[in-house]
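As structure tokens, the structure follows; a few thoughts come after it.
Lettering follows sequence order; numbering is per chain, from 1.
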2 protein chains.
Amino acid sequence: MNEKFFDLKKEKQDRIISAAMKHFALNGFLHASTDDIVKDAGISKGLLFHYFGSKVGLYGFLYDYSMRFMTIELSSYTNKEETDYFEIIKQILTSRVDAMRQFPYVQLFLERAEEEEVPEAIAAVHEKRMSLEEQVGTILEQADITRFKAGADYVITGHILDYSLRGLMLEHIKTGAFSPERYGAEAVRYIDMLKRLSYN
Amino acid sequence: MNEKFFDLKKEKQDRIISAAMKHFALNGFLHASTDDIVKDAGISKGLLFHYFGSKVGLYGFLYDYSMRFMTIELSSYTNKEETDYFEIIKQILTSRVDAMRQFPYVQLFLERAEEEEVPEAIAAVHEKRMSLEEQVGTILEQADITRFKAGADYVITGHILDYSLRGLMLEHIKTGAFSPERYGAEAVRYIDMLKRLSYN
DNA sequence: TCCCCCTTTGACCGATTCGGTCATTTTCTT
DNA sequence: AAGAAAATGACCGAATCGGTCAAAGGGGGA
């Protein structure tokens, strides 16, 4: 890529990054069209290719950028001393909500990238694939599982939380004018209820 | 459409329906390609258009067919006397699992159809849109909500169930060789756990 | 004011893919 | 054997794709 991209006004950089994330997240590498991306970003097609060389180049840059971004967000909102499973989940959620305030589609983009099947897209990424999920996993190891009551399987509970928070996010995104804060607030209510039910 | 479609061997009908459902469910109306559908169904392109006239025609037929199919499945597995919320959820699940044994992508296809934004696709469907969700809603009204303990919000619980069962289904589908039965069995474990936690 | 250079544009390219057609072949029925 | 129905797949024009490039725009130094 062309490093001069970073000399652009921050606002323009973000517009381009956001638009690209959105289309890759929603349609996958293959069906995301560069025409749509530049239209959304409000720039010309030539400019996009001037800075990123190719569609694969753009995709690789985005993945790397998102990875670094989310890693920082995650480490700045999680507390290594917290041992309550649900409070850790809330910290992770908070870091994601904060990230989405700048790039609404980061989370979705990264999830989609992990399922990508197009060889070129995989190749553009495979070097930097030190998954965020590992990081999340490490944090969750700190959790004190013994607080779960008998009859509350913490593995199932974890899956339910994953699916529910993801489904809720998609629902909020689908209903135009996505507000990360509103999503976060509702998500916390879900987490708190499950916490209440899972402990003695 | 051409009514002679129903004179085809049942197995061929199902192959065509399944393939079409799959691609519409996975890619939406616009990005589902008739070339891919006929390749999957193992028929020629001419035949598809011979029976359904156009892509929209095929889509409309599929929606109507799926709607009728699921309506029957639903009414044959739900018991009007059941008042336990979670048991009703299990009956609905059972009807869906049974449906997926014949058409693995019915459920996904119908969900996707409700979110469709392409005008032609909406038009091909809008007459028959007496949503299944209403039917499900009616059945759930029978549920005895008072059994939920304080602190267990039955509305949130309903959403959590929706998101979790859907997420679990997608997970099973993504992991090739989808088995409706295995999905159903795991889903029941989720439901049972939430039932245990939600009642006194 | 003029010039230079970097940014930015969008018309354009060849390739591919799309929904849909139709002359032709294969299969079935009698 | 013959006629009808089922089935094929090469083909069509249109649209869309990723990517190029000559030219326009614009800001700053002399």
Side-chain angles (χ1 to χ4, degrees), chain A residues 1-17 19-24 26-63 116-125, chain B residues 1-17 19-24 26-62 116-124:
Chain A
M1 69 161 301
N2 183 340
E3 296 294 335
K4 288 186 179 162
F5 171 74
F6 296 113
D7 294 342
L8 293 175
K9 278 176 285 179
K10 187 90 180 6
E11 182 264 339
K12 195 171 190 174
Q13 289 181 41
D14 285 3
R15 247 170 44 222
I16 296 172
I17 291 174
M21 277 182 184
K22 173 178 168 181
H23 289 280
F24 282 128
L26 257 27
N27 306 316
F29 178 77
L30 207 62
H31 296 98
S33 124
T34 53
D35 280 343
D36 289 343
I37 292 172
V38 299
K39 217 173 292 170
D40 246 38
I43 60 169
S44 69
K45 205 170 178 183
L47 200 61
L48 187 76
F49 283 86
H50 174 67
Y51 285 123
F52 300 104
S54 68
K55 191 183 180 181
V56 172
L58 169 62
Y59 188 79
F61 163 78
L62 269 189
Y63 184 82
E116 198 54 65
E117 288 181 345
V118 179
E120 324 167 55
I122 297 175
V125 144
Chain B
M1 69 161 302
N2 185 341
E3 296 293 335
K4 289 189 179 160
F5 172 72
F6 296 112
D7 294 342
L8 293 176
K9 278 176 286 180
K10 187 93 184 356
E11 181 263 340
K12 195 172 189 175
Q13 289 180 40
D14 285 3
R15 247 170 43 221
I16 296 172
I17 292 174
M21 277 182 185
K22 173 177 169 182
H23 289 278
F24 283 127
L26 257 27
N27 306 316
F29 177 78
L30 207 61
H31 296 98
S33 126
T34 53
D35 280 342
D36 290 343
I37 292 172
V38 298
K39 217 172 293 169
D40 247 38
I43 61 169
S44 70
K45 205 170 177 181
L47 198 61
L48 187 75
F49 283 87
H50 174 65
Y51 285 122
F52 301 104
S54 67
K55 191 182 180 181
V56 172
L58 170 62
Y59 187 80
F61 163 79
L62 269 189
E116 197 56 64
E117 288 181 345
V118 179
E120 323 166 56
I122 297 175

Between atom [atom1] in [X] and atom [atom2] in [N], what is the gap in whole Å?
X: B/Lys39; N: C/dT17; atom1: NZ; atom2: C1'; answer: 10 Å
X: B/Leu58; N: C/dC18; atom1: CG; atom2: P; answer: 15 Å
X: A/Ile43; N: C/dT7; atom1: CD1; atom2: C1'; answer: 12 Å
X: A/Phe6; N: C/dT7; atom1: CZ; atom2: P; answer: 15 Å

*Do the two ring centres, one from A/Phe61 and one from A/Tyr51, sit under 6.0 Å apart?*
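No, they do not, as the ring centres are separated by 6.0 Å or more.
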
*Can you check whether B/Tyr59 and B/Phe52 have ring centres sitting under 6.0 Å from each other?*
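So the answer is no for these two rings.
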
*Where along residues 26-36 of chain A does a heavy atom come under 4.0 Å from DNA chain D, residue by residue in number order?*
A/Ala32, A/Ser33, A/Thr34, A/Asp35

*asked:* Considering every strand and a 4.0 Å limit on heavy-atom distances, what is the contact class for A/Phe5: base, sugar-phosphate, or nothing?
replied: nothing

*If you look at every strand shown and take non-hydrogen atoms under 4.0 Å, does B/Lys9 touch a base, only sugar-phosphate, or nothing?*
nothing

*Do the side chains of B/Ile37 and B/Phe24 get nearer than 4.5 Å, heavy atoms only?*
yes

*Extract, from 5' to 3' on DNA chain D, the first and final nucleotides lying under 4.0 angstrom from some heavy atom of chain B.*
D/dA6 to D/dG9

*Which letter, B, S or -, goes with each nucleotide of nucleotides 21-30 of chain C from 5' to 3', with contact meaning a protein heavy atom under 4.0 Å?*
BB--------

